[in-house]
Enquirer: 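Please find one structure pasted underneath; my questions will follow.
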Amino acid sequence: MAKRDYYEVLGASRGAAADELKKAYRTKAKELHPDRNSDNPKAEEQFKEVNEAYEVLKDADKKAAYDRYGHAAFEGGMGGGPRGGRPGAAGQGDFASAFSDVFEDLFGDFMGGQRGGGGRSRAQRGSDLRYNLRVTLEDAFSGIQKTINVPTSVACEACRGSGAEGGAEPVTCPTCSGMGKVRAQQGFFTVERTCPTCNGIGQTIKNPCKTCHGAGRVEQDRSLSVNIPAGVETGTRIRLAGEGEAGLRGGPAGDLYIFIEVRDHAIFQRDGAHLFCRVPVTMATAALGGEVEVPTIDGGKSRVKVPGGSQTGKQMRLRSKGMPALRGGGIGDMLIELAVETPVNLTGRQKELLREFEKLSEDNNPEGRTFFSKVKTFWEGMKG
């Protein structure tokens with residue numbers, strides 16, 4: 001069976017340039033890839049035919065011979081072709097190389113972003129940075145604008161981030177022709193490795209910048225203004241896009257992530273949007289009832305009514321006196337827990353009044369008096 005014209009196989013015009021041939025090859029390879037045509041039994045043979053055609057036409061010497069002699073240029077009668085081999089053998093022997101090109105084109109977007117000349121990304125994105133920021137509970141309540149100093153890498157001004165002296169553009173690596181990788185044929189297999197000249201970037205710099213030594217960036221402290229929204233809590237993360245480490249050789253900068261830590265407060269304890277505090281009250285206020293003044297997180301004060309007969313541990317709630325919710329949802333409450341104080345350093349008159357109060361309490365509560373009498377008798381018996 002006669003072979004089809006290689007240009008016809010790729011769907012390219014005769015005499016097409018290398019870029020046009022590569023584009024046509026990738027289009028056909030995608031269209032005929034066996035994984036995409038599981039229901040077409042002819043797809044695999046057509047895919048191999050496309051690979052064979054491209055392996056000849058992408059090589060300048062083979063292409064010139066094919067343009068002049070056609071398929072006969074690689075048959076035995078022509079001395080084995082320009083490189084002493086048949087195109088079928090070349091197409092099959094370098095099948096791994098062709099498949100690698102297709103794989104990169106199909107899945108390159110998932111494997112690392114920009115690519116230069118079919119190789120690795122020339123301009124590399126900068127790393128993301130983390131900054132830990134401590135704020136007070138009052139700052140977390142109201143929100144605040146903070147200025148921070150971040151040690152990071154920024155684009156070199158001397159070379160405008162290119163890494164070349166005077167801002168000149170890097171040149172294509174002569175070893176890998178901008179691919180960022182080199183291939184070596186070992187029998188049936190093709191081994192691919194990172195280019196040793198450009199370290200996989202695909203470009204080299206003839207005259208590196210004296211300031212950044214070819215990196216395109218320098219170390220520097222940056223001053224940034226950060227808006228801390230109301231309602232943040234420990235663990236809240238704020239992202240500043242493009243404020244991370246500068247990219248290599250003009251690549252995009254990474255992001256800066258600010259992690260919030262809210263300091264412990266002397267009065268308030270926090271539970272989400274709610275605040276909790278203990279308020280001391282006198283024994284008289286707890287017994288008779290009254291009012292106490294309590295501080296609030298906004299710097300003000302609120303008066304709270306204490307009902308008579310209150311005990312230590314009694315809780316009361318002040319609505320909407322807590323923390324604002326970070327993403328809406330209103331304001332939390334403040335929970336107050338009473339702590340009844342026992343008086344100390346009593347005067348003689350105060351002690352006398354308390355004894356009188358105790359006697360009156362026993363007279364008003366015979367059952368309680370009987371109980372305490374039994375306790376007193378028990379302890380006296382233990383002493384005897």
Side-chain angles (χ1 to χ4, degrees), residues 1-34 36-37 40 42-106 108 115-120 171-198 202-204:
M1 180 178 178
K3 286 188 176 182
R4 295 170 60 200
D5 181 80
Y6 284 155
Y7 289 100
E8 180 185 343
V9 170
L10 296 180
S13 59
R14 182 170 288 274
D19 290 343
E20 184 180 346
L21 289 171
K22 188 172 187 178
K23 183 177 180 181
Y25 163 67
R26 287 183 169 177
T27 300
K28 284 288 185 181
K30 283 183 181 181
E31 177 186 341
L32 298 172
H33 195 282
R36 291 188 170 187
N37 296 272
N40 182 5
K42 297 182 178 180
E44 185 174 354
E45 289 300 322
Q46 292 172 332
F47 182 70
K48 290 180 179 179
E49 186 181 30
V50 168
N51 283 326
E52 179 181 326
Y54 183 61
E55 285 303 314
V56 170
L57 297 181
K58 77 174 185 179
D59 184 282
D61 294 336
K62 291 180 180 180
K63 180 176 180 296
Y66 181 78
D67 288 343
R68 184 173 183 181
Y69 300 108
H71 293 296
F74 306 100
E75 294 175 355
M78 296 297 295
R83 293 194 177 178
R86 295 165 47 244
Q92 295 172 7
D94 205 20
F95 177 79
S97 171
F99 183 78
S100 176
D101 286 340
V102 180
F103 183 85
E104 286 179 2
D105 195 47
L106 290 174
R115 295 182 303 147
R120 288 179 51 190
V171 298
T172 301
C173 175
T175 303
C176 64
S177 301
M179 294 289 292
K181 50 196 174 184
V182 292
R183 293 168 178 166
Q185 189 77 30
Q186 294 184 357
F188 179 78
F189 299 98
T190 298
V191 179
E192 186 176 272
R193 65 180 186 275
T194 301
C195 175
T197 302
C198 65
Q203 295 177 324
T204 58

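Counting begins at 1 with the first residue of the sequence. All values below come from the heavy atoms of this structure, side chains included, with hydrogens, waters and symmetry mates left out.
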Enquirer: May I ask you to check whether Asp5 and Tyr66 show a side-chain donor-acceptor distance below 3.5 Å?
Expert: yes
Enquirer: Closest heavy-atom contact between Leu32 and Gln46?
Expert: CD2-OE1, 3.4 Å
Enquirer: Check Thr194 against Val182 and note the closest heavy-atom contact, atom names and distance.
Expert: O-CG2, 4.4 Å
Enquirer: Among side-chain atoms of Asp67 and Tyr7, is any donor-acceptor pair under 3.5 angstrom?
Expert: yes
Enquirer: CD/Glu52 to CG/Leu10 distance, rounded to the nearest 0.5 angstrom?
Expert: 10.5 Å
Enquirer: Starting at NE2 of His33, measure out to NZ of Lys30 and round the result to the nearest 0.5 Å.
Expert: 11.5 Å
Enquirer: Within this structure, what is the CG-NZ distance for the pair Leu57 and Lys62, rounded to the nearest 0.5 Å?
Expert: 10.5 Å
Enquirer: So how far is it from Cys198 SG to Met179 CE, rounded to the nearest 0.5 Å?
Expert: 11.0 Å
Enquirer: Please report the interatomic distance CD(Glu49) to CD(Glu45), rounded to the nearest 0.5 Å.
Expert: 9.0 Å
Enquirer: Specify the closest pair of heavy atoms between Leu21 and Ala16, including all atoms of both residues, with the distance to one decimal.
Expert: CD1-O, 3.7 Å
Enquirer: If you count every heavy atom of other residues, nucleotides or ligands that lies below 6.0 Å from Glu44 atom CD, does the total exceed 12?
Expert: no
Enquirer: Which atoms form the tightest heavy-atom contact between Gly180 and Cys176, and what is the distance?
Expert: N-SG, 3.1 Å
Enquirer: Check whether any side-chain heavy atom of Phe47 lies under 4.5 Å from a side-chain heavy atom of Asn51, and answer yes or no.
Expert: yes
Enquirer: Give a yes or no on whether Arg193 atom CZ has more than 12 heavy-atom contacts from other residues, nucleotides or ligands under 6.0 Å away.
Expert: no
Enquirer: Once rounded to the nearest 0.5 Å, what's the spacing between atom OH of Tyr54 and atom NZ of Lys28?
Expert: 15.5 Å
